[in-house]
Amino acid sequence: MNALYNLALCPTPCSHSTPKHNTKWKTEVNGTATVALKGKALSRASSVTGKQRRIVSAASATELTRVSETKGRQNIPTEKQLVDPFRQGTITEGGVRYRQTVVIRSYEVGADKTATLESILNLLQETALNHVWVSGLLGDGFGTTHGMVRNNLIWVVTRMQVQVDEYPIWGEVMEVDTWVGPSGKNGMRRDWLIRSDATGEVLVRATSTWVMMNQQTRRLSKMPEVVRAEISPWFIENKAFEEEIPEKIYKLDTNAKFTSSNLKPKRSDLDMNHHLNNVKYVNWMLETIPHKFLENYQLTRITLEYKRECSSSDVVESLCKPEEERFEERHQDRNVGNEDSLSSALFQDGNHRKSFKAYTHLLQITGDKESEEIVRGRTIWRRKL
């Protein structure tokens, strides 16, 4: 009945003097239902309503206090910071490029004491977020700006490519550079370079394309002008590497040689935007590859094309098929210092000749309906020394 009282009571009868106990009031709810209330019941309903309002007010105040305390603990900058001493990060190259010094820790390496691909992907994500952090643009979201928060928008990645020339080793000090640039009318490109502090050599390079999605409708959105005004001053044209012609990833069919079925996301796999973490996609893909192959080959490049979201209730199937084409290094006179050349990054390896193999991957949602693509992928592998 309390909920009915809240709907029925309106300012007009309540503004009158308290009626006698034997007085009856007829009040319309949504213009149809009529409820007869005696004066004592009306007074009691007013008292209940007042208590509820005080409870709501107290709850709102508690929430505001919690939000204030959280922001105080996070200490998110509201203005551009040139130096972030806590994360060992600095803004470089005219005040738009971010550089962070990191150390490869024990839980970031595998049995061979080199950083895992999962650790590298997490490092790329963390430095990208830290870049937004020091920019002073970070709103209350996963890398979202203030303008994006006001428009209920979040970032989603549509394509990503990571090239590993050499894996960082345990305890190695690395410098991670990241920056952003335009991608079409409504997208943004983010690139990374990971260098060894000891040798200065680039060990990892990566590039990605991002677009905006409405957090409520889960539909892609155009970039609002307020957001463009926020991020465009940070755009630079440098690229970690250049694809002359972006490689096309073909969709696998059910005849794929290797499959892994009945994969289900866990709650711990979801990020702040309630997305399945990108690292989980990669793990599902790589776990389908035969263990015998992994003993002899090491991943050198991965390309991902994201097609749709995966929710916590979806059941996923991972498909994998080796490509028949065999990659053989051809000794050519290449510009070793050109960091924009993907082919140079892939094939330059002194005078040694190495064979490469490739796999095509697909993650799809299975169920009663027709299977839906989540991610297409392509991996290139180099024979271990």
Practice prompt. Could you pull out the closest heavy-atom pair between V149 and T144, with the gap in Å?
Written response: CG2-OG1, 3.7 Å
Fill in: S232 vs W234, side chain to side chain donor-acceptor pair (under 3.5 Å): CA-CA, chis, key distance, verdict
CA-CA 5 Å; S232 59; W234 293 84; over 6 Å; no
Practice prompt. Please test R267 against S312 for side chain to side chain donor-acceptor pair (under 3.5 Å), starting from the C-alpha separation and ending with a verdict.
Written response: CA-CA 7 Å; R267 283 181 294 180; S312 57; over 6 Å; no
Discussion item. Using the rule given for side chain to side chain contact (heavy atoms under 4.5 Å, CB included), can you reason through T158 versus W210, listing the C-alpha separation, both sets of side-chain angles and the distance that settles it, and then say yes or no?
Written reply: CA-CA 6 Å; T158 59; W210 300 76; over 6 Å; no
Discussion item. Can a side-chain donor-acceptor contact be found between D177 and Q100 if the only test is distance below 3.5 angstrom?
Written reply: no
Item to complete: Assess the side chains of R159 and S208: does a donor N or O sit below 3.5 Å from an acceptor N or O?
Response: no
Fill in: Ionic contact status for K266 with D269, cut-off 4.0 Å
no
Worksheet item: What is the distance from atom CG of L129 to atom CG of L124, rounded to the nearest 0.5 Å?
Response: 11.0 Å
Item to complete: Answer yes when K357 and E323 have at least one side-chain N-carboxylate O distance shorter than 4.0 Å, and no when they do not.
Response: no
Item to complete: Could you pull out the closest heavy-atom pair between P168 and V204, with the gap in Å?
Response: CD-CG2, 4.5 Å
Worksheet item: Do you see a donor-acceptor pair shorter than 3.5 Å between the side chains of Q161 and T303?
Response: yes
Worksheet item: Within the side chain of Y167, is there an N or O that forms a donor-acceptor pair under 3.5 Å with the backbone of L299?
Response: yes
Worksheet entry | Note: K307-E305 ion pair, threshold 4.0 Å (strictly below) | yes
Worksheet item: Taking everything shown except K80 itself, do over 12 heavy atoms lie less than 6.0 Å from its NZ?
Response: yes
Discussion item. In the structure I gave you, are the side-chain heavy atoms of L270 and N277 within less than 4.5 Å of one another anywhere?
Written reply: no
Worksheet entry | Trace of the side chain to side chain contact (heavy atoms under 4.5 Å, CB included) decision for S183 with M188 | CA-CA 5 Å; S183 178; M188 183 182 75; 5.6 Å; no
Worksheet entry | Short side-chain donor-acceptor distance under 3.5 Å, N278 and Q125 | no
Worksheet entry | Side-chain donor-acceptor contact under 3.5 Å, R190 with H131 | yes
Worksheet entry | Donor-acceptor pair between S135 and W133 side chains, under 3.5 angstrom | no
Worksheet item: So which heavy atom on E230 is nearest to which on L137, and how close?
Response: O-CD1, 3.4 Å
Response to the item:
Note: C310 and V316 closest approach over all heavy atoms is SG-CG2, 3.8 Å
Worksheet item: Is it the case that R205 places NZ or CZ above or below the six-membered ring of W192, under 6.0 angstrom from the centre and within 45 degrees of the axis?
Response: no
Worksheet item: M174 and side-chain contact (heavy atoms from CB on, under 4.5 Å): which partner among T101, I104, D197?
Response: I104
Practice prompt. Begin with the C-alpha distance, continue with both residues' side-chain angles, and end with the deciding distance and a verdict on side chain to side chain contact (heavy atoms under 4.5 Å, CB included) for Y98 and T92.
Written response: CA-CA 6 Å; Y98 179 72; T92 65; over 6 Å; no
Discussion item. Tell me if the aromatic rings of W284 and H361 count as close, with their centers under 6.0 Å from one another.
Written reply: no
Item to complete: Apply side chain to side chain donor-acceptor pair (under 3.5 Å) to the pair Q163 and T300, showing each step before the final yes or no.
Response: CA-CA 6 Å; Q163 169 70 38; T300 187; 3.3 Å; yes
Discussion item. Check this for me: does any side-chain nitrogen of one of D191 and K239 sit under 4.0 Å from a carboxylate oxygen of the other?
Written reply: no
Worksheet entry | Non-hydrogen side-chain atoms of C320 and T360 separated by less than 4.5 Å | no
Worksheet item: Have S313 and S311 got a donor and an acceptor in their side chains that come within less than 3.5 Å?
Response: yes
Fill in: Close aromatic pair by centroid cut-off 6.0 Å: F293 and Y359
yes
Worksheet item: How close do A206 and A240 get, heavy atom to heavy atom, and via which atoms?
Response: O-CB, 3.5 Å
Worksheet entry | E295/K384 ion pair, N-O < 4.0 Å | no
Worksheet item: Would you say the side-chain atoms of S119 pair up with the backbone N or O of A115, donor to acceptor, closer than 3.5 Å?
Response: no
Worksheet item: Side-chain donor-acceptor pair under 3.5 Å between E172 and S196, yes or no?
Response: yes
Fill in: Modelled atom types, side-chain donor and acceptor of E373 and Q364, under 3.5 Å
no
Fill in: Separation of L252 CG from T259 OG1 (nearest 0.5 Å)
11.0 Å
Discussion item. Let me confirm one number: the CG-OG distance from L363 to S260, rounded to the nearest 0.5 Å.
Written reply: 9.5 Å
Discussion item. Looking at every non-hydrogen atom in both residues, tell me the closest pair between L138 and H146 and how far apart they are.
Written reply: O-CE1, 3.2 Å
Response to the item:
OH (Y250) and NZ (K321) are apart, to the nearest 0.5 Å, by 12.5 Å
Worksheet item: So, S318 versus T288: side-chain donor-acceptor pair below 3.5 Å or not?
Response: yes
Practice prompt. For the pair R195 and E201, find out whether any cationic side-chain nitrogen is under 4.0 Å from an anionic carboxylate oxygen.
Written response: no
